[in-house]
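For reference, the structure discussed in these notes is given below.
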Amino acid sequence: MTSTRGGASFQSGLVLGIETSCDETSVSLLDRDGVVGANLIASQIERHRPFGGVVPEIASREHLKHLMPLVTKATADAGVSLDDVSAVAVTAGPGLIGALLVGVAAAQALAWGRGLPLYAVNHLEGHIVSPYLNREGSATPMPKRYLALVVSGGHSSIYDVRPGTEAPVAMLNRTRDDAAGEVFDKVAKFVGFPYPGGPHVEKAGRLATTSRFSFPVSKFKDGSFDFSFSGLKASAIRLARTEGLEGAASDGVVSEELADFCRGFQTAIVEQLVDRLDGLWSALSGERDRPTEIAIAGGVAANGALRDAIDSWGRRKGIVVRLPEKVFCTDNAAMIAFAAIVMGEPAADPTRIIARSRFQPGTRFPDSRG
Ligand code: KG4
Ligand code: ZN
């Protein structure tokens with residue numbers, strides 16, 4: 001069996017994907033064309049909800065409880081056995097260290113015990129390739145170069161992606177403060193929505209009847225394409241307080257005013273994301289081998305207003321936009337196995353993989369303590 005970075009060919013068999021970086025335990029089975037045979041996700045949201053955010057210790061314990069039963073169920077659902085698996089791919093970072101360790105230890109045991117290659121996958125590289133996965137059939141063919149906007153609870157960045165090359169991922173911008181999903185969650189919490197708040201804000205915003213609340217799109221004086229959401233967070237919370245909206249949704253009722261507020265706040269996030277995509281796309285458009293597609297990924301990519309805005313921006317500009325199916329937006333192991341297939345490199349020694357709470361995509365994962 002061989003697989004090379006970018007060469008992307010497992011000669012035979014299935015890739016077993018394992019994801020435990022945060023609050024979803026997920027196991028997948030993919031063939032080398034990216035056909036998803038199984039993609040099981042055990043969400044822990046209900047366990048963390050009383051605390052208003054993810055509790056790392058609870059996350060690790062839940063992963064321990066669910067991971068191996070999910071491996072058994074994935075093979076059963078796909079109608080295969082572990083003998084049909086020819087490689088293991090695991091999220092090795094970034095994420096909660098205790099949570100990552102559960103997945104990495106299980107993947108090491110499986111790979112070592114069965115003599116299989118092990119891929120230590122960067123979680124963000126998983127998100128970056130996820131828009132090309134399909135629930136049915138083979139993966140969508142990838143272009144030589146595309147821009148990927150990854151927006152989740154912990155990350156907001158645009159990446160320059162060249163699958164099949166030695167340096168497949170380069171970060172073009174980042175957030176200088178909060179991530180987009182984090183701001184959704186914090187503002188949602190202030191007005192009384194349960195965790196995670198993003199989907200509640202979206203749902204409430206759909207009931208809006210006016211655009212009476214609006215927020216400016218922040219720009220940097222130096223012309224940087226970085227994101228910044230903390231100013232928006234502060235002004236949204238200030239406005240919610242003066243309008244008497246603090247805790248307003250706690251009784252489960254969304255007033256007209258709250259709906260209008262949610263729409264205005266969500267629009268501001270969407271406008272900033274589109275503004276930076278547009279800026280970076282234009283900045284690269286003079287290059288001969290410029291990107292030819294835009295892909296969006298991460299939990300916030302499930303947001304309908306963002307999907308619509310990027311889709312219509314792409315249509316106006318004549319750019320192909322890849323929107324991930326919703327099941328591949330939030331954390332899942334299919335994207336981890338797929339990243340191993342399209343841009344992975346097997347660890348020289350599976351027993352020496354190290355879980356990393358912080359890790360930049362596009363940099364090589366160290367698999368040795370030496
Ligand atoms: O990628 P993800 O599942 O986990 C990580 O953070 O890695 O993303 C979760 C984030 C949360 O902040 C959640 O509020 C946000 O994605 N989110 C949404 C929507 N669905 C999930 N934000 C806005 N609108 C949504 N529909
Ligand atoms: Zn994620």
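Values reported hereafter were calculated over all heavy atoms of this structure, with side chains retained and with hydrogens, waters and symmetry mates removed. One is the number of the first residue; the rest follow in order along the sequence. Counting starts at 1 for both ligands and their atoms, in listed order.
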Just need the protein heavy atom nearest to atom 14 (O) of ligand 1, so name the residue and atom and give the distance.
D185 OD1, 2.6 Å
Between D278 and K317, is there a salt bridge with N-O shorter than 4.0 Å?
yes
Which of the ligand 1 atoms, numbered from 1, are nearer than 4.0 Å to a heavy atom of F184:
22 (N), 23 (C)
Is the F265 to F184 ring centre distance short of 6.0 Å?
yes
Sub-3.5 Å donor-acceptor pair from the side chain of N134 to the main-chain atoms of G137, do we have one?
no
In the protein, what heavy atom is nearest to atom 26 (N) of ligand 1, and what distance, to one decimal place, separates them?
E202 OE1, 2.7 Å
Closest non-hydrogen protein atom to atom 24 (N) of ligand 1, residue and atom name please, with distance?
N303 ND2, 2.9 Å
Students should be able to answer this: which protein heavy-atom is nearest to atom 10 (C) of ligand 1, and at what distance?
G153 N, 3.5 Å
Distance from atom 15 (C) of ligand 1 to nearest protein heavy atom, with residue and atom:
V300 CG2, 3.9 Å
Just jot down the ligand 1 atoms closer than 4.0 angstrom to any heavy atom of T330, in number order.
3 (O)
Is the distance between the Zn ion (ligand 2) and the nearest N/O/S atom of H127 smaller than 2.8 Å?
yes
Please name the residue in the list K221, R176, K219, R276 that meets the salt bridge (Lys or Arg N to Asp or Glu O under 4.0 Å) test with D226.
R176
Any atoms of ligand 1 less than 4.0 Å from a non-hydrogen atom of G154? List them with their elements.
6 (O)
With a 3.5 Å distance limit and no angle check, can you tell me whether S156 reaches the backbone of V151 through a side-chain donor-acceptor pair?
no
Measuring only between side-chain heavy atoms, which start at C-beta, is E19 closer than 4.5 Å to N332?
no
Side-chain donor-acceptor contact under 3.5 Å, D178 with S230
no
What protein heavy atom lies closest to atom 1 (O) of ligand 1? Include the residue and the distance to one decimal.
G299 N, 3.0 Å
Looking only at heavy atoms of H127, does any of them come nearer than 4.0 Å to an atom of ligand 1?
yes
CZ/R49: more than 12 non-hydrogen atoms of other groups inside 6.0 Å
yes
Side chain Q272, main chain F229, donor-acceptor under 3.5 Å:
no
Could you find the nearest protein heavy atom to atom 4 (O) of ligand 1 and give me its residue, atom name and distance?
D331 OD2, 3.6 Å
If you consider just the N/O/S atoms, which atom of D331 is the closest one to the Zn ion (ligand 2)?
OD1
Close approach, P199 and ligand 1, non-hydrogen under 4.0 angstrom:
yes
Any N/O pair G298/ligand 1 closer than 3.5 Å:
no
Does this structure show an ion pair linking K233 with D177, if we count only N-O contacts that are shorter than 4.0 Å?
no
Residue G181 vicinity, atoms of ligand 1 by number, heavy atom under 4.0 Å
12 (O)
Check: G198 N/O within less than 3.5 Å of ligand 1 N/O:
yes
Any ion pair linking D311 and R315 (charged N to carboxylate O, less than 4.0 Å)?
yes
H155 near the Zn ion (ligand 2) via N/O/S, less than 2.8 Å:
no
